[in-house]
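Written out below as structure tokens is the structure these notes cover.
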2 protein chains.
Amino acid sequence: MSDGATGLIETEAGAEPRNGERRRGIDRVIMLLEALLRHRAPMRVGDIAKMIGAPRSTTYEIVNSLLEAEMLENVGTEGYVYFGRAMHLFGWAYSHHNAHYRRIIETLDKMAAETGETVQLCGLRGNKYIVLDCRDSSGPFRISSDVGVEVPIPWTASGRLLLGHMSEEELKDFIPPGDYKLPDGRVIAPAEFFSDVALARRQGFSETVALADRFTWCMAAPIRDSYGAINKTLCFVLPVDTPEARRSELLALLCERARGLSLAGS
Amino acid sequence: MSDGATGLIETEAGAEPRNGERRRGIDRVIMLLEALLRHRAPMRVGDIAKMIGAPRSTTYEIVNSLLEAEMLENVGTEGYVYFGRAMHLFGWAYSHHNAHYRRIIETLDKMAAETGETVQLCGLRGNKYIVLDCRDSSGPFRISSDVGVEVPIPWTASGRLLLGHMSEEELKDFIPPGDYKLPDGRVIAPAEFFSDVALARRQGFSETVALADRFTWCMAAPIRDSYGAINKTLCFVLPVDTPEARRSELLALLCERARGLSLAGS
DNA sequence: CGTTATTGTCTGATATTTCAGACAATTGGT
DNA sequence: ACCAATTGTCTGAAATATCAGACAATAACG
């Protein structure tokens, strides 16, 4: 039960757990929190222990400490735990400490209110794409993708923009080969993806139609930092049958707002 | 430099650090994060070390681990650190895992959009009051109180509601004597506070005028859980000179929405 | 420019934490 | 009613993470 276990979380923190060795409590905490984030639902202590490859006794110890600090909290009566209130406070502090991020959130709110569509703020985490924040459409058509869940970059419109600074060579090294395979089994040809990236760079926006799933039309526009680099994108997730007229209207709005949030002159 | 240091963080986790003793890494992490939350701004490693009463070498070790996990991140170039992206993701997961909380957030958004006023969600943390989430007024009059900062209960309208289930005896034991002293030096008579609590319970809402600061009129309404207990409140923070007509309109809205979010029948 | 404080990195020793495993108490399946 | 799996709590022992302190390199200050 050391290496082969599936779903095992391997943080960079601490590299390999050579047989019979001990791990630091801190690293366990980090692994635990990331496991919980991935799983995206309350877990029992026993399952957490399996997931992070830690002894049960150790896991109980750690979980109890985190419970006491309100970083975790009990959910239901049957020993399930999930993130706690303190995490909310820490996260809030993160997202409000910097004026730029605050402006972005306000824009997100405003766009959601004005259009009623699903709006997302996206970025990279390592070599995966993640949603950093979102406002879900108020309509019945609700495609909620979870904040913080890692998704292969080629599945997304934003991904094509976020990699705009890379050469083809760099792209090849950066994207894990398996990530070209879509959830429905289709495979994107790398060459096609590379030209998408180039197109996105030229256009200053990117669209994907029925890619990661059959029902959505995604459009993304870049938010540039003060060096002109693209670290984040703003995007709409629309029903795939949205009429052309409305789509181009929304695309224009998206690009305008994203430009307004960019720090570079250009 | 063991006991007398001011501003030292004392988490419940681990009680007393008897002389010459070592502390667990996990406890240090917890103390560190809470120190950062209190301080509400990026800190240098040296200052963190002082604040949590840990050796510098240990602090560097821990900070580096947390940086690698993106639970902290570097801010600026001069060795400052603050909460990192991972915290945002964990916090987001917390606040969306439960349908009730999600409904509350939506209501918060809607009320802010409709009224343009500052709206807050409040609760208790131990024997202090904290803001759990807020939407700031879009107008020029912006009273932003920070989410997660602990405030003496008697300073707040919400506090009067949140303690509604306690007897006078319990209140006496619960509130630290120093908490009756307002920031401007005035002191609230405990008896007066107790009768405020009773009044709030009877009315089903609570208001304070120019209490914690001279410029605000606060009104709070209770959100009841499925047992009828009040764990959270919804409140408006208004300019103190808001006309009576608008105030009563807003109060009615507040009470209606808070009742809509309550889970109890009553 | 000399003096004092701070930062970031290392080191070795020991006080402590992690770990394996045992335990009783539940739970679940058949 | 049986057997198997799981939960939560304890234990002692070994492995190691925390600690004090030293170090060079900047920074702060008069």
Side-chain angles (χ1 to χ4, degrees), chain A residues 1-3 5 7-9 11-33 35 42-69 72-82, chain B residues 1-3 5 7-9 11 13-33 35 42-69 71-82:
Chain A
M1 47 93 136
S2 60
D3 247 351
L8 216 139
I9 295 277
T11 316
E12 304 78 37
E16 297 170 44
R18 295 198 302 280
N19 199 334
E21 279 191 3
R22 301 165 65 184
R23 292 201 95 128
R24 262 203 330 184
I26 298 190
D27 294 334
R28 296 283 190 205
V29 168
I30 293 169
M31 288 189 286
L32 191 161
L33 295 175
M43 291 174 81
R44 306 176 109 195
V45 181
D47 297 320
I48 294 176
K50 274 179 212 135
M51 197 127 192
I52 66 177
R56 260 160 22 84
S57 48
T58 305
T59 310
Y60 272 102
E61 173 88 29
I62 290 173
V63 165
N64 286 332
S65 292
L66 296 180
L67 281 173
E68 199 171 352
L72 297 181
E73 69 183 30
N74 284 109
V75 176
T77 55
E78 280 312 323
Y80 284 86
V81 297
Y82 202 53
Chain B
M1 49 94 134
S2 60
D3 248 352
L8 215 138
I9 295 278
T11 315
E16 298 170 43
R18 295 198 302 280
N19 199 331
E21 278 192 2
R22 304 163 70 184
R23 288 195 94 113
R24 252 198 340 181
I26 298 189
D27 294 334
R28 295 282 190 207
V29 168
I30 293 169
M31 288 189 287
L32 190 160
L33 295 175
M43 291 174 81
R44 313 241 263 0
V45 181
D47 296 321
I48 295 176
K50 273 179 213 137
M51 198 129 191
I52 66 177
R56 261 160 19 84
S57 48
T58 305
T59 310
Y60 271 102
E61 172 88 30
I62 290 173
V63 166
N64 286 332
S65 292
L66 296 180
L67 282 172
E68 198 171 351
M71 289 178 62
L72 297 181
E73 68 183 31
N74 283 303
V75 177
T77 54
E78 281 309 326
Y80 284 87
V81 297
Y82 202 53

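The sequence lines fix the lettering, A, B, ..., with proteins before strands; numbering per chain opens at 1.
Closest non-hydrogen pair, Arg24(A) versus Glu61(B), comes out as NH1-OE2, 3.0 Å. When all heavy atoms of Ile30(A) and Ser65(B) are compared, the closest pair comes out as CD1-O, 3.9 Å. In terms of heavy-atom proximity, Val75(B) sits nearest to Pro42(B) at CG1-CG, 3.8 Å. The heavy-atom pair separating Ala54(A) from Thr59(A) by the smallest distance is CB-OG1, 3.6 Å.
The distance between atom CZ of Arg22(B) and atom C1' of dT18(C), rounded to the nearest whole Å, is 13 Å. For the pair Arg28(B) CZ and dT16(C) P, the interatomic distance rounds to 12 Å; values are reported in whole Å. In this structure, Ile26(A) atom CD1 and dT16(D) atom P are separated by 16 Å, rounded to whole Å. Distance Asp27(A) CG to dT17(C) C1': 14 Å, rounded to the nearest Å. We find that CG of Asn64(A) is positioned 15 Å from C1' of dT17(C), with the value rounded to whole Å. Between the CD1 atom of Ile62(B) and the C1' atom of dT18(D) there is a distance of 9 Å, given to the nearest Å. To the nearest angstrom, P of dT16(D) lies 24 Å from CZ of Arg23(B).
Leu33(A) places a side-chain heavy atom less than 4.5 Å from the side chain of Met71(B). Put simply, the side chain of Leu67(A) reaches to within 4.5 Å of the side chain of Val81(A), judged on heavy atoms. When side chains are defined from C-beta on, Val63(A) does not count as touching Leu66(A), because their heavy atoms never get closer than 4.5 Å.
The rotation axes computed at either terminus of the helix from dC1(C)-dG30(D) to dT30(C)-dA1(D) lie 60° apart, taking five pairs at each end and rounding to 10 degrees.
With rounding to the nearest 0.5 Å, the separation of CE in Met51(A) from CZ in Arg44(A) is 15.5 Å.
Between the side chains of Arg23(A) and Thr58(A), no donor N or O sits under 3.5 Å from an acceptor N or O.
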Atom pairs under 3.5 Å, N or O on each side, protein against nucleotides 6-8 of chain D: can you list them with distances?
residue	atom	partner	partner atom	Å
dG8(D)	OP2	Tyr60(A)	OH	2.6
dG8(D)	O5'	Tyr60(A)	OH	3.4
dG8(D)	N7	Arg56(A)	NH1	3.2
dG8(D)	N7	Arg56(A)	NH2	3.4
dG8(D)	O6	Arg56(A)	NH2	3.0

Sub-3.5 Å pairs of nitrogen or oxygen atoms, protein against nucleotides 10-12 of chain C:
none

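At the phosphate of dT18(C), OP1 or OP2 sits under 4.0 Å from a side-chain N or O atom of Arg24(B).
None of Arg56(A), Met43(A), Arg28(A), Met31(A) except one satisfies the side chain to side chain contact (heavy atoms under 4.5 Å, CB included) rule with Ile48(A); the exception is Met43(A). When the options Val29(A), Ile62(A), Leu32(A), Asn64(A) are evaluated for a side chain to side chain contact (heavy atoms under 4.5 Å, CB included) with Leu72(A), the one that passes is Leu32(A).
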